[in-house]
Amino acid sequence: MLAGKRILLIIGGGIAAYKVLELIRLCRKAGAAVTPVMTAAAGEFVTPLSVSALAGEAVHAELFDLTSEAEMGHIQLSRVADLVVVAPATANLMARMAQGIADDLATTLLLATDTPVLIAPAMNVRMWEHPATQRNLATLAADGIAIAGPESGEMACGEYGPGRMAEPAAILAAIDAALGPKPLAGKTVLVTSGPTHEPIDPVRYIANRSSGAQGVAIARALRDLGAHVRFVTGPGEVPPPAGVELVRVETAREMRDAALAALPADAAVFAAAVADWRVENASGSKMKKDGTGRAPALEFAENPDILKTVSQLAEGRPPLVVGFAAETDDVIANATAKRARKGCDWILANDVSPATGIMGGSENAVTLITADGAEDWPRMGKDEVARRLALRIAQALAAD
Ligand code: CTP
């Protein structure tokens, strides 16, 4: 998708700017031209010489630069590209973008451009989680700006959490998606994700090992194809993607209510690892040891099956309902039976035996089971599984 395209790359002033050198190399290798723009602060982290050497073009940095104004004014510069990419998008740059402030070349270009914009945020975890940054992020997403990352992990400052800039290869994939077709434009897709927490008492709960990684990747891939995504998630570890309609829930029953409230939808993907049982005799106050050495007897009740409920709706059933089947034995046979039992259209079956490392890991090996039979997909990253599924959903909805 990148061949023959021009990217206006705005480099912000953050330590992650060094990774942008690799991004430039990857973009050029994929056949795109890169016009680099650096903020004053970016020059503290990478030099214009290395940026222009890799881009093969001069760096633009000054708003009032007579030579470049004579050659190409800043308004024109903002419009020559097929995509504007901001990496790293610092908290400050995001704040200025959200406010429409134009006080240097980078922000003036961002205000003047009529081309799509993709940002790759990068900042300290506290800055990322600050309500002001989250507000700005929501504003930018609502303005239609695409967002790549950030990722969770160890940071240059020694802290740990979300805020680390997406790796260059992931930004390249996001650029590819931003430039690509939007076959799901105008479609609404419901995605459930993450584990559910079922309370035992106000301080204890029953949970499972789902990180939410697969559901987050699916929501992101559907969003990248232009879908309006209603993302209903339990408390997963992986942060939800930007640019989706987010509904946070805790228990299976809350998830069912939120999923039903999210309808109508053109398709629904049930990636959540819903707890099958809840504690029926959950206590309203903290359970205490009673001194006898006896453990409390927990009684369980079955939770509603959300996938089955939605699949079997008499009215308002989404035209395409996709479930997952997490199995440890007889994967295909169990998943095929599950598809019939629940009444969904497709099931993505995966083997979650501990030896596979899939549950909580970054890869997945799935078999797509439809009315036409079973189709094995090779083991691949959860992002790749998500992209493949999103494309299949787009094809199915287009054929309707
Ligand atoms: N699911 C759901 N609501 C539930 C349980 C599961 O929506 N209460 C959905 C999951 O999101 C997944 C699919 O059903 O898409 C299958 O989940 P899985 O845990 O594999 O199946 P179970 O229904 O738990 O069946 P079993 O206990 O027989 O394995």
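First listed ligand is number 1; within each ligand, the first listed atom is number 1.
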*Heavy-atom pair with the smallest gap, counting every atom of Ala258 and Val232*: CB-CG1, 3.7 Å
*asked:* One thing to verify: whether Lys288 and Asp201 come together as a salt bridge, which I'm taking to mean a side-chain N less than 4.0 angstrom from a carboxylate O.
replied: no
_Amino acids in close contact with ligand 1, where any non-hydrogen atom sits under 4.0 angstrom away_ = Phe270, Ala272, Val274, Asp276, Pro304, Asp305, Ile306, Leu307, Gly323, Phe324, Ala325, Ala326, Lys338, Arg341, Lys342
_If you compare all heavy atoms of Arg392 against all heavy atoms of Glu375, which two are closest, and at what distance to 0.1 Å?_
NH1-OE2, 2.9 Å
*Please report the shortest heavy-atom distance between Arg339 and Ile369, naming the atom on each side.*
CD-O, 3.7 Å
*Contacts of type side-chain hydrogen bond (donor to acceptor under 3.5 Å, both in side chains), residue Ser285, not counting sequence neighbours*: none
_Regarding Asp224 and Arg387, does a basic nitrogen lie under 4.0 Å from an acidic carboxylate oxygen?_
no
